[in-house]
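Below you'll find the structure, written out as structure tokens, and then a few comments.
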Amino acid sequence: MHIAVLMGGWSAEREVSLMSGNGVADALEARGHRVSRVELTRQVAVTLAELKPDVVFNALHGTPGEDGTVQGMLDLMGVPYTHSGLVTSVIAIDKQLTKQALVPHGVPMPGGRMVKSPELFERDPLPRPYVLKPVNEGSSVGVAIVTAEGNYGNPIAAEAKGPWQEFDELLAEPFIRGRELTTAVLGDQALGVTELKPKSGFYDYDSKYTDGLTEHVFPAQIADEVTEACKRIALDAHRLLGCKGASRSDFRWDDSQGIEGLFLLEVNTQPGMTPLSLVPEQARHLGISYGELVQRIVDEALGAAA
């Protein structure tokens with residue numbers, strides 16, 4: 001097949017997308033496909049129209065490749081593509097919309113509310129500790145944990161470095177103490193649960209993409225009921241949102257609260273495919289090679305199109 005691998009773009013996750021895209025392209029070439037590596041530009045529709053690929057592997061992360069914009073363009077062009085479609089992408093990229101879609105179906109997610117950044121300089125939106133995050137960024141971009149003893153000020157100082165300087169509006173959520181867990185879904189199967197143990201701080205952008213800064217424990221050394229709950233919730237979220245291909249659900253678990261302390265934070269519809277990424281790692285532990293993983297995602301996209 002002729003497969004165009006779409007990567008890059010201009011989101012905060014551009015470099016991650018390039019690593020994902022080149023890894024995918026190498027794997028597809030090794031399996032005998034003809035691959036065109038396409039960096040996202042404003043003229044990408046013209047480029048794809050000239051290439052006439054059989055399918056597009058969407059290796060973009062963040063906006064506009066993961067929020068429905070590129071999906072809508074490809075739908076109009078009639079070109080099959082991997083991962084989730086337009087409506088799913090619009091909902092899942094937005095953490096608040098994701099809650100509105102999943103919580104009524106019994107999926108446990110943290111409470112919280114949207115807050116205008118200038119409000120933070122007047123008062124706390126929630127009791128400390130709490131988390132502030134952009135509503136539609138991935139890879140923990142722009143996440144801040146505000147604690148009673150933190151150095152942001154009380155209230156937060158306008159000159160303190162943080163996401164309030166970059167984003168007009170932020171999602172404020174209660175901080176869930178405990179452990180970081182993640183579960184990948186491939187097709188219609190939850191693969192397992194990985195515990196992420198950052199060497200310092202929390203699981204931020206640097207911890208995710210710098211080798212050696214985070215220990216990945218698979219399978220997570222947790223109670224069977226928590227493992228099964230993670231897999232069930234991840235699969236439910238994948239199905240309820242209408243995800244396709246691979247997705248990854250991220251959790252926080254307050255292990256002092258038992259199963260009641262487990263909360264889904266977000267669902268990633270286009271999870272990373274870098275050497276440190278969690279979906280390829282979980283697949284590999286189950287005997288699915290990186291090349292086979294990529295091929296399965298392509299095959300599902302073509303099956304959906306058919």
Inset, instruction - Answer yes or no: is there a donor N or O on one side and an acceptor on the other, between the side chain of Asn58 and the main chain of His83, under 3.5 Å? - result: no
Legend entry - Heavy-atom pair with the smallest gap, counting every atom of Ala184 and Val279: CB-CG2, 3.8 Å
Inset, instruction - Would you sort out whether Glu228 and Arg232 count as a salt bridge (Lys or Arg N to Asp or Glu O under 4.0 Å), showing the intermediate values? - result: CA-CA 6 Å; Glu228 292 308 311; Arg232 173 180 51 79; over 6 Å; no
Legend entry - Atom NZ of Lys244 with >12 non-hydrogen neighbours under 6.0 angstrom: no
Legend entry - Distance, nearest 0.5 Å, that separates CG of Leu262 from CD1 of Ile233: 4.5 Å
Legend entry - Donor-acceptor pair, side chain of Ser89 and main chain of Asp67, under 3.5 angstrom: no
Inset, instruction - Decide, yes or no, whether a salt bridge links Glu39 with Arg14 under the criterion of side-chain N to carboxylate O below 4.0 Å. - result: yes
Legend entry - Salt-bridge contact Arg296-Glu300 (side-chain N to carboxylate O under 4.0 Å): no
Inset, instruction - Apply side-chain hydrogen bond (donor to acceptor under 3.5 Å, both in side chains) to the pair His2 and Ser36, showing each step before the final yes or no. - result: CA-CA 8 Å; His2 180 199; Ser36 296; 2.8 Å; yes
Legend entry - Between Gln295 and Asp299, a side-chain donor and acceptor under 3.5 Å: yes
Legend entry - Electrostatic pair Arg239-Asp188, nearest N-O below 4.0 angstrom: yes
Inset, instruction - Run the numbers on Asp250 and Arg248 for salt bridge (Lys or Arg N to Asp or Glu O under 4.0 Å), then give the verdict. - result: CA-CA 7 Å; Asp250 297 334; Arg248 193 191 75 243; 2.9 Å; yes
Inset, instruction - Dump the intermediate steps for side-chain hydrogen bond (donor to acceptor under 3.5 Å, both in side chains) on Ser277 and Thr274, then the final yes or no. - result: CA-CA 5 Å; Ser277 292; Thr274 75; 2.8 Å; yes
Inset, instruction - Determine yes or no for a side-chain-to-main-chain donor-acceptor pair under 3.5 angstrom, with Lys99 supplying the side chain and Gly111 the backbone. - result: yes
Legend entry - Distance, nearest 0.5 Å, that separates CD of Gln165 from CD1 of Ile156: 10.5 Å
Inset, instruction - Please report the closest heavy-atom contact between Ala172 and Leu132, naming both atoms and the distance. - result: CB-CD2, 3.8 Å
Legend entry - Electrostatic pair Arg179:Asp255 at N-O distance under 4.0 angstrom: yes
Legend entry - Validation row: Val90, Ile93 side chains within 4.5 angstrom (heavy atoms): no
Inset, instruction - Find out whether Ser247 and Thr269 are in side-chain contact, i.e. whether some heavy atom of one side chain is under 4.5 Å from a heavy atom of the other. - result: no
Inset, instruction - If you link ILVMFWY side chains whenever their heavy atoms are less than 4.5 Å apart, which other residues fall into the same cluster as Tyr81? By chain and number, please. - result: Leu6, Trp10, Val38, Leu40, Val44, Leu48, Leu51, Val56, Leu60, Val70, Met73, Leu74, Met77, Val79
Inset, instruction - Look at the side chain of Tyr290 and the backbone N and O of Met273, then say whether any donor-acceptor pair between them is shorter than 3.5 Å. - result: yes
Legend entry - Neighbour count >12 (heavy atoms, 6.0 Å) for atom CZ, Arg128: yes
Legend entry - Inter-residue atom distance Asp168.CG - Glu166.CD, 0.5 Å rounding: 11.0 Å
Legend entry - Glu122 atom CD: more than 12 heavy-atom contacts under 6.0 Å: yes
Inset, instruction - Output, in order, the C-alpha distance, side-chain angles, deciding distance and verdict of salt bridge (Lys or Arg N to Asp or Glu O under 4.0 Å) for Arg252 and Glu173. - result: CA-CA 12 Å; Arg252 287 286 291 183; Glu173 292 179 341; over 6 Å; no
Inset, instruction - Please check if Val217 and Val193 belong to a single hydrophobic cluster, counting links between Ile, Leu, Val, Met, Phe, Trp and Tyr side chain heavy atoms closer than 4.5 Å. - result: no
Legend entry - Hydrophobic cluster partners of Val135 (side-chain heavy atoms under 4.5 Å): Met114, Leu171
Legend entry - Any donor-acceptor pair under 3.5 Å from Trp253 side chain to Val226 backbone: no
